[in-house]
Amino acid sequence: MILLDGKATAQSIRTELKAEVAELAAKHGRAPGLAVILVGDDPASQVYVRNKERACTEVGVLSVPHRLPAETTQSALEALIAELNADARVDGILLQLPVPKGLDSRRCLELIRPDKDVDGFHPQNMGRLAQGLLGLQPCTPAGVIELLKRYNLPTQGKTAVVVGRSNIVGRPLSIMLSQPGRFGDATVTLCHSRTPDLEEQCLRADFVFSAIGKPKFVTCDMVKEGAVVVDVGINRVDDCLVGDCDFEILCAKASAMTPVPGGIGPMTIAMLMKNTVQAYKEHVGAQA
Ligand code: GUN
């Protein structure tokens, strides 16, 4: 079994980006900038945001943090987004989700300028993704595809099952896997809570991608011998992070598998850095 080491792969990507950023910043007279907005005090979000800020420091991206109280009003949040949209130091804007009750995250995401939307959540970027056009792509599914590329596990001509249809992971991942290319061109089935024969669907798949948020959801009898299993779930159980897959049992059956933690989580942050550099290059007019 090949362990798909997202932690080490993400480190390589950050090292590559660091060199590229140093060169570009010297040439264009400023570093890329990423604004991260965190509203409220959700403990998991605080950890994510801290990790994002740490990655910025390592890669040489200017981090522009905005930590707002849970009582922040919709209009105050919208005013901040407008300010960051107009700020020339800021190439990327990320609103950490979920936002506290009473705030309309959908409306906020639509107000982020599409060329600064480093999460790839704006309808314009999602639409471009669906049509196979260039644009900023959601970081988690992009991290999944990048990990497959780096381990040379092409999906072309294979069957792929994605479990979970969220806008952040499952749906965009299913779109990416169906696009033309060696790391696309899969026959994709998108499964969800209303899929009646989920186990049979998974059992037929060459690639299983789970993004549902339920510990030990994907079990031994759902995965065929030699399948590639990518676990995108992050669940907290007794203060430990676990994925959606029963790793101990599945690793005997899968030909390659991601661990949790140390799999897709760090890849997501590496892709956020990559998107920030991509947005910056567009803003300074550098060759992509
Ligand atoms: N919360 C959980 N995952 C994500 C993500 O990828 N982006 C943002 N902004 N918030 C999240």
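Counting convention: from 1, in listed order, for ligands and their atoms alike.
- For ligand 1, the atoms sitting less than 4.0 Å from at least one non-hydrogen atom of Leu94 are 9 (N), numbered in the order shown with element in parentheses.
- Contact of the Leu241 side chain with the Arg236 side chain is registered, since non-hydrogen atoms from C-beta on lie closer than 4.5 Å.
- Ion pairing between Glu16 and Arg150 holds under the 4.0 Å rule for side-chain N and carboxylate O.
- The contact set between ligand 1 and Phe121, taken as ligand atoms under 4.0 Å from a residue heavy atom, comprises 7 (N).
- Atom NZ of Lys274 and atom CD of Glu20 lie 9.5 Å apart (nearest 0.5 Å).
- Of all protein heavy atoms, the one closest to atom 1 (N) of ligand 1 is Leu97 O, 2.9 Å.
- Residue Gln96 has at least one N or O atom closer than 3.5 Å to an N or O atom of ligand 1.
- Side-chain contact between Phe183 and Asn152 is present, with heavy atoms from C-beta onward closer than 4.5 Å.
- The structure places OG1 of Thr140 at 10.5 Å from CE of Met267, a figure rounded to the nearest 0.5 Å.
- No N or O atom of Thr268 sits closer than 3.5 Å to an N or O atom of ligand 1.
- Side-chain atoms of Gln137 and Gln278 include no donor-acceptor pair closer than 3.5 Å.
- Contacts of Leu95 with ligand 1, taken as heavy-atom pairs under 4.0 Å, involve the backbone alone.
- For atom 9 (N) of ligand 1, the nearest protein heavy atom lies under 4.0 Å away.
- Residue contacts with ligand 1 for Asp119 involve side-chain atoms from C-beta outward but no N, CA, C or O (heavy atoms, distance under 4.0 Å).
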